[in-house]
Amino acid sequence: MLTEKLARVTIAHLPTPLERLPRLTAQLSGPELWIKRDDQTGLATGGNKSRKLEFLVADAARPEAGERRADTLITGGAAQSNHARQTAAAAAKCGLACLLALKGTKPPQARGNLLLDLLLGADVVWAEGRPLDEVMAQAAEELRVSDRCPYVIPYGGSNPVGASGYVAAMEELLAQCKERDLHFDHIVLPSSSGGTQAGLMVGARALGFEGRILGISIDLLTGALQRLLADLATATAEHLELGFVFAPEDFAVNDDYLGGGYGVVSDLERGAVRAMARAEGVLLDPVYTGRACGGLLDLIHRGAFGEGERVLFWHTGGTTGLFGYEL
Ligand SMILES: Cc1ncc(COP(=O)(O)O)c(C=O)c1O
């Protein structure tokens, strides 16, 4: 295993199902569509961050010489952050405290992910316009002063430790493909803080996956996301002692679907959420998988995939967001 030397805790239900999407495929008369169900990782409504947290939480429990084991996980994100919710759940499962720095101000009612953050016992600090990194660093300092030992997880869990979860995920997918004698020409997924796509690319290079891994950008322009992905993938490969170097052009990214910006739900996301729900009984989320699937459906309509090709949509979770946004 590519990640066998890394410390890891068991948080996610793995392997996640790999399923055909026969009715959606038939409706679209395009490529053969499949789905990887990382919305089914099992941790408090699941999602891609569960895989990253298996490595991040283990890292928090194995401090550098001289320091103590962490007793508190700190992370940050949007008010409806799926990453924050899964971090709160991982902390609860592992007996740690959790502090979340969330963008904006406290809403009148806690819904969706925020409702679950609170149920899971996390403390929430509202950033109220301050940069999240600053809020997290300040919270960590205050905890240290009161003799606690915080572990700060960056935005989206996207550092080499977290991205290693998706190197392992690529290995898992290729094992499923081998068992079922399947191959995919394309993998399509939402891409934002980059850990998911970067990890998959490191795994793909290490294991010789030859299909294209297309990230539908959620909030960054193509060039910025490609640079972020190249740096993160190179650092992740180094963390795993693989010695690969990635360039921005190595990453397939599409920024045509940014619409009104992060979390602004439009007809693209609404249409994709409904199409997947009604054709397959699978729930997407309005921010990430709704946008990425909307992009995928549009690309299919435009004939971007060859006849007879097989496309895997990687469902990265976030379904709880359905209860936090107006659809
Ligand atoms: C449901 C969902 N999908 C995709 C992503 C994007 O993954 P990454 O940040 O690793 O690019 C996120 C990030 O928060 C997410 O919550």
Side-chain angles (χ1 to χ4, degrees), residues 16 35-41 43-53 55-56 75-89 100 102-103 112-114 116-117 132 153-170 187-203 213-220 224-226 228-233 236 251-255 257-258 262-263 265 269 272-273 276 282-296 313-325:
T16 56
I35 191 164
K36 178 74 171 149
R37 299 292 305 271
D38 277 11
D39 57 320
Q40 300 292 314
T41 56
L43 181 71
T45 75
N48 60 345
K49 302 306 185 295
S50 312
R51 291 190 188 267
K52 299 182 183 184
L53 285 159
F55 293 92
L56 289 161
T75 200
Q80 283 298 327
S81 167
N82 301 300
H83 165 63
R85 181 249 312 154
Q86 284 170 91
T87 303
L100 302 174
L102 300 182
K103 284 186 192 159
N113 282 298
L114 179 58
L116 299 195
D117 296 342
L132 285 184
I153 297 175
Y155 188 70
S158 285
N159 61 11
V161 176
S164 298
Y166 270 88
V167 180
M170 185 51 127
I187 295 174
V188 178
L189 74 153
S191 200
S192 177
S193 68
T196 306
Q197 191 174 358
L200 289 177
M201 275 292 284
V202 173
I213 301 175
L214 173 64
I216 304 290
S217 181
I218 300 305
D219 44 4
L220 293 179
L225 182 53
Q226 284 177 316
L228 183 153
L229 288 165
D231 289 348
L232 181 54
T236 304
F251 292 86
V253 166
N254 183 320
D255 66 3
Y257 306 102
L258 298 177
Y262 179 87
V265 184
E269 293 83 13
V273 170
M276 186 67 90
V282 172
L283 298 174
L284 300 176
D285 83 286
V287 177
Y288 296 94
T289 52
R291 181 163 291 180
C293 184
L296 170 60
F313 180 69
W314 204 302
H315 191 331
T316 47
T319 312
T320 301
L322 287 172
F323 307 101
Y325 290 86

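Just follow the structure's listing: the first ligand is 1, and inside any ligand the first atom is 1. Values reported hereafter were calculated over all heavy atoms of this structure, with side chains retained and with hydrogens, waters and symmetry mates removed.
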- request: Flag the pair Met276 / Ile35 as yes when at least one side-chain heavy-atom distance between them is below 4.5 Å, and no otherwise.
  value: yes
- prompt: Of the protein's non-hydrogen atoms, which lies at the shortest distance from atom 16 (O) of ligand 1, and what is that distance?
  reply: Asn82 ND2, 2.9 Å
task: Could you list the atoms of ligand 1 found under 4.0 angstrom from a heavy atom of Gly318?
output: 1 (C)
query: Closest non-hydrogen protein atom to atom 1 (C) of ligand 1, residue and atom name please, with distance?
result: Gly317 O, 3.2 Å
message: Could you work out, for atom 8 (P) of ligand 1, the closest of Gly46, Gly194, Gly156 by heavy-atom distance?
response: Gly194
message: Using every non-hydrogen atom in the two residues, find where Met201 and Ile213 come nearest and quote the distance to one decimal.
response: SD-CD1, 3.9 Å
message: Any nitrogen or oxygen of Asp285, side chain or backbone, less than 3.5 Å from one on ligand 1?
response: no
- prompt: Using heavy atoms and a threshold below 4.0 Å, how should the contact between Lys49 and ligand 1 be classified: side chain, backbone, both, or neither?
  reply: side chain
Straight-line distance of Ser192 OG to Ile216 CD1, nearest 0.5 Å: 13.0 Å
message: Heavy-atom contact check, 4.0 Å cutoff: does Thr289 meet ligand 1?
response: no
task: Decide side chain to side chain contact (heavy atoms under 4.5 Å, CB included) for Leu189 and Lys36; before the verdict, give the C-alpha distance in whole Å, the side-chain angles of both, and the deciding distance to 0.1 Å.
output: CA-CA 10 Å; Leu189 74 153; Lys36 178 74 171 149; over 6 Å; no
statement: Tightest non-hydrogen contact, residues Thr41 and Gly46, listed as OG1-CA, 3.2 Å
- request: Considering only non-hydrogen protein atoms, determine which one is nearest to atom 7 (O) of ligand 1 and report residue, atom name and distance to 0.1 Å.
  value: Asn48 ND2, 3.1 Å
task: Assess the side chains of Gln86 and Ser50: does a donor N or O sit below 3.5 Å from an acceptor N or O?
output: yes
message: Quick test: of every protein heavy atom, which one is nearest to atom 3 (N) of ligand 1, and how far off is it to 0.1 Å?
response: Thr316 OG1, 2.6 Å
field: Pick from Tyr155, Tyr166, Tyr288: the one approaching atom 15 (C) of ligand 1 most closely through a non-hydrogen atom
entry: Tyr288
- prompt: For Leu225 and Val253, which heavy atoms make the closest approach, and how far apart are they?
  reply: CD2-CG1, 3.8 Å
message: Out of all atoms in ligand 1, which are within 4.0 Å of some heavy atom of Thr196? Include the element for each.
response: 7 (O), 8 (P), 10 (O)
task: Indicate yes or no: does an N/O atom of Ser191 lie under 3.5 Å from an N/O atom of ligand 1?
output: no
- request: Please report which non-hydrogen protein atom sits nearest to atom 9 (O) of ligand 1, along with the residue it belongs to and the distance in Å to one decimal place.
  value: Ser193 OG, 2.5 Å
- request: Establish, from distance only, whether the side-chain atoms of Thr87 and Thr75 form a donor-acceptor pair under 3.5 Å.
  value: no
- request: May I ask you to list the atoms of ligand 1 that are less than 4.0 angstrom from any heavy atom of Lys52?
  value: 8 (P), 9 (O), 10 (O)
